[in-house]
2 protein chains.
Amino acid sequence: MLDSETKAVETPEDHAEELRLWLRLLTCTTLIEGEVRGRLRQRFDVTLPRFDLMAQLDKAPDGMTLSDVSKRMMVSNGNVTGLVERLVESGHLDRRTSETDRRVQVIRLTKLGRAEFRRMAAEHETWIADLFADLSPKDVRELMRLLAKTKASAQKSAARRRP
Amino acid sequence: MLDSETKAVETPEDHAEELRLWLRLLTCTTLIEGEVRGRLRQRFDVTLPRFDLMAQLDKAPDGMTLSDVSKRMMVSNGNVTGLVERLVESGHLDRRTSETDRRVQVIRLTKLGRAEFRRMAAEHETWIADLFADLSPKDVRELMRLLAKTKASAQKSAARRRP
DNA sequence: CCGAATTGTTTTAAGCCTAAAATGTTTTCC
DNA sequence: GGAAAACATTTTAGGCTTAAAACAATTCGG
């Protein structure tokens, strides 16, 4: 007891396991993300960020503000500005200034945007299912639980640094 | 039995759980990655891709070829070219053409590069530990196991598409 | 009411990233 | 030996991404 405490204080802590876990988490995400990116490009000639943005809007029939999107997608504001610009240009998004607050831009999927997204999303879902095919329902539940815990832990840590 | 089979064939399969799992995985990675990126920038004024590349090289005292790096980091060849260019420029990397195969470029950390990386890596490890702090050792083991299974599943799925 | 802080968005500058084509080198195999 | 295939890297063109600064509109507190 005294020994282990002494040791913990005197020697630098060993966090190799957590480091390995992080690298494995990153590998999984990169692998799946790359696969999805490639399939979206080949099948639908669309980029992953565009798809992701449309996915957010599909869940919000009344539209979202740019900051909403930025927070949900966890990307910078400026990033959203450019992404939206291109999607409005291609006719997938409708963008208007809020009537009540002239700072705010509200964006929505157009009819075309929604139709195209739904078509892509249906296929996208089967890709994801296939990528996770070797996980049992129990594995999936367990991963969900552990990742929820991970997310909470990371958010807490981030909040500690930037309160 | 017949019922469930009939149902499976006639109605589109439901993969909502896998989709949620994928989104949660992505959220965790994005969250942690963003946190690490910010800390690297603030503490050491270095970008995450530069750090990642140096991490690969630190594990390979005899150097690596650009393709090795590209495969390990799971990024495109052209990406590595640019990244290496900047790191050679800043004196962190040494780059030379292989004596036995003039197609190949071998890169290594310079003395400066290694020293700076070690300094950053030590602190980096504590950040990761902190981000995963609320996970018990058992959680970590279990996550490692499930992510290994996930990685294998995704690789298999990717190989099915692109054999 | 009015100046100060806050909020929402855009701009800027730099770097990251990809896919595909191009270039140069080595290996394969007839 | 020499053409063809394979390999390693670079180039190209375009898009994504960030952090920080700038701009615009609203809200807050005295």
Side-chain angles (χ1 to χ4, degrees), chain A residues 26 29-31 33-54 63-90 92-93 95-107 162, chain B residues 26 29-31 33-54 63-90 92-93 95-107 162:
Chain A
L26 187 55
T29 300
T30 307
L31 190 59
E33 201 171 44
E35 200 58 26
V36 171
R37 184 195 312 281
R39 297 192 199 204
L40 281 173
R41 187 182 41 72
Q42 287 201 348
R43 260 317 261 116
F44 301 113
D45 193 33
V46 74
T47 66
L48 183 52
R50 275 165 159 95
F51 178 83
D52 287 343
L53 175 41
M54 289 197 269
M64 297 174 81
T65 70
L66 296 201
S67 338
D68 286 347
V69 173
S70 164
K71 283 188 199 92
R72 287 299 199 88
M73 293 181 73
M74 299 195 276
V75 299
S76 67
N77 291 342
N79 190 352
V80 174
T81 297
L83 220 37
V84 166
E85 225 160 55
R86 289 182 287 270
L87 278 165
V88 168
E89 170 67 27
S90 64
H92 294 85
L93 258 56
R95 163 206 213 121
R96 61 186 63 168
T97 302
S98 160
E99 312 245 332
T100 59
D101 185 339
R102 280 186 327 209
R103 288 172 302 182
V104 174
Q105 303 285 320
V106 178
I107 54 175
R162 206 178 344 80
Chain B
L26 187 56
T29 301
T30 307
L31 190 59
E33 201 171 44
E35 200 58 26
V36 171
R37 183 195 311 281
R39 297 193 199 203
L40 282 173
R41 187 182 40 72
Q42 288 201 348
R43 260 316 260 117
F44 301 113
D45 193 32
V46 75
T47 67
L48 183 52
R50 274 165 158 94
F51 178 83
D52 286 343
L53 176 40
M54 289 197 269
M64 297 174 81
T65 70
L66 297 199
S67 337
D68 285 347
V69 173
S70 164
K71 283 188 199 91
R72 286 300 199 88
M73 293 182 72
M74 300 195 277
V75 300
S76 68
N77 291 342
N79 190 355
V80 175
T81 297
L83 220 36
V84 166
E85 224 158 57
R86 288 183 287 271
L87 279 165
V88 169
E89 170 67 26
S90 64
H92 294 85
L93 259 54
R95 162 207 212 120
R96 61 187 62 168
T97 303
S98 161
E99 312 245 332
T100 59
D101 185 341
R102 283 187 326 215
R103 289 172 300 182
V104 174
Q105 303 284 319
V106 178
I107 54 175
R162 206 178 346 80

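By convention in this document, chain letters (A, B, ...) are assigned in the order of the sequence lines, proteins followed by strands, and residues within each chain are numbered from 1. As the structure is a computational prediction, the values presented were derived from the model and not from experiment.
- Around atom CZ of A/R39, more than 12 heavy atoms belonging to other residues, nucleotides or ligands sit under 6.0 Å away.
- In this structure, A/L93 places its CG atom 13 Å from P of C/dT9, rounding to the nearest Å.
- The interatomic distance linking A/L66 (CG) with D/dA25 (P) rounds to 15 Å, in whole Å.
- In this structure, B/R37 does not reach the C/dG15 phosphate: none of its side-chain N or O atoms is under 4.0 Å from OP1 or OP2.
- In this structure, of C/dT9, D/dT17, C/dC16, it is D/dT17 that holds the atom nearest to the side chain of A/S76.
- Taking atom CG of residue B/N77 and atom C1' of nucleotide C/dA19, one finds them 11 Å apart after rounding to whole Å.
- Each of B/T65 and A/P49 was assigned the nucleotide of DNA chain D with the nearest heavy atom; the assignment lying further toward the 5' end belongs to B/T65.
- Whole-Å rounding puts the A/L83 CG to C/dT10 P distance at 12 Å.
- Rounded to whole Å, the distance from CG on A/L48 to C1' on C/dT18 is 12 Å.
- A straight line from CG of B/L40 to C1' of C/dG15 spans 15 Å, rounded to a whole angstrom.
- Toward the 5′ end of DNA chain D lies the nearest nucleotide of A/G78, the other residue of the pair A/G78 and A/D101 mapping further downstream.
- Summary of the strand contacts: A/V106 and B/T100 both lie near DNA chain C, and taking for each the nucleotide with the nearest heavy atom, the more 5' one is attributed to A/V106.
- Within the structure, a side-chain polar atom (N or O) of B/T47 is placed less than 4.0 Å from OP1 or OP2 of C/dC16.
- Side chains of B/T97 and B/V104 form no contact here, defined as non-hydrogen atoms less than 4.5 Å apart.
- Considering only side-chain N and O atoms, B/N79 lies under 4.0 angstrom from the phosphate OP1 or OP2 of C/dT18.
- Contact annotation: the side chain of B/V46 approaches that of B/M54 to within less than 4.5 Å [non-hydrogen atoms, C-beta and beyond].
- Rounding to whole angstrom units, CG of residue B/D52 and P of C/dC17 are separated by 8 Å.
- One atom, CD of A/Q105, and another, P of D/dA25, lie 11 Å apart when rounded to the nearest Å.
- OP1 or OP2 of C/dT26 has at least one side-chain nitrogen or oxygen of B/R102 nearer than 4.0 Å.
- Counting only heavy atoms from C-beta on, A/R41 has its side chain closest to C/dA20 among D/dG15, D/dT9, C/dA20.
- Counting only heavy atoms from C-beta outward, the side chains of A/S98 and A/R102 never approach each other to under 4.5 Å.
- In this structure the side chain of B/T65 never reaches within 4.5 angstrom of the side chain of B/Q105, judged on heavy atoms.
- Residue A/S67 places none of its side-chain N or O atoms closer than 4.0 Å to OP1 or OP2 of C/dT7.
- Distances shown here put every side-chain N or O of A/R103 at or beyond 4.0 Å from the OP1 or OP2 atom of C/dT6.
- Taking only side-chain atoms of A/R50, from C-beta outward, the nucleotide of D/dC16, C/dT26, D/dT9 with the closest atom is D/dC16.
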